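First the structure, in the form of structure tokens, and then the observations on it.
None of these values were measured; they are calculated from a predicted model. As a basis for the values below, the full set of heavy atoms in this structure was taken, side chains included, without hydrogen atoms, waters or symmetry mates. Count residues from 1 along the sequence.
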Amino acid sequence: SEVAKLRHALVALASPTSFVSPTQWRSAAATAVRDLLGADSAMSMLPAASDAPVIDVNADPDGLSAYLRHYVHYDRGA
């Protein structure tokens, strides 16, 4: 149900210390939010260097490349 998906996403987002690594947490959170929204893919990006600055769940590599080439400059969070 939608309520169960929302609960799962909230638990994942609010529980970073429940995971072995930040990368694992980001992947779980992206997956939970993707499922909640019924999206085909999800992505988590960090502007700073880390062990995995980009985490994708079923993301289109061409879409990521296009984002990095063209749209990142318009992203206020970047």
**Asked** Counting only N and O atoms by type, is there a donor-acceptor contact under 3.5 Å from the side chain of Ser27 to the main-chain atoms of Thr23?
**Response** no
**Request:** Could you tell me which non-hydrogen atom of Ala12 sits nearest to which non-hydrogen atom of Ala29, and how far apart they are?
**Result:** CB-CA, 4.1 Å
**Complete:** d(Leu13 CG, His8 NE2) to nearest 0.5 Å is 9.5 Å
**Request:** Applying side chain to side chain contact (heavy atoms under 4.5 Å, CB included), name anything that partners Thr17, two or more places apart in sequence or on another chain.
**Result:** none
**Asked** Looking at OG of Ser1 and CZ of Arg7, how far apart are the two atoms once the value is rounded to the nearest 0.5 Å?
**Response** 7.5 Å
**From CZ (Arg34) to NZ (Lys5), nearest 0.5 Å** = 10.5 Å
**Asked** Who else is in Phe19's hydrophobic cluster (ILVMFWY, side-chain heavy atoms under 4.5 Å, direct or via others)?
**Response** Trp25
**Message:** To check you understand the geometry: which heavy-atom pair defines the closest contact between Ala42 and Ala30, and what is its length?
**Reply:** CB-O, 3.3 Å
**Prompt:** How many angstroms lie between CG in Leu37 and CG in Leu6, if you round to the nearest 0.5 Å?
**Reply:** 10.0 Å
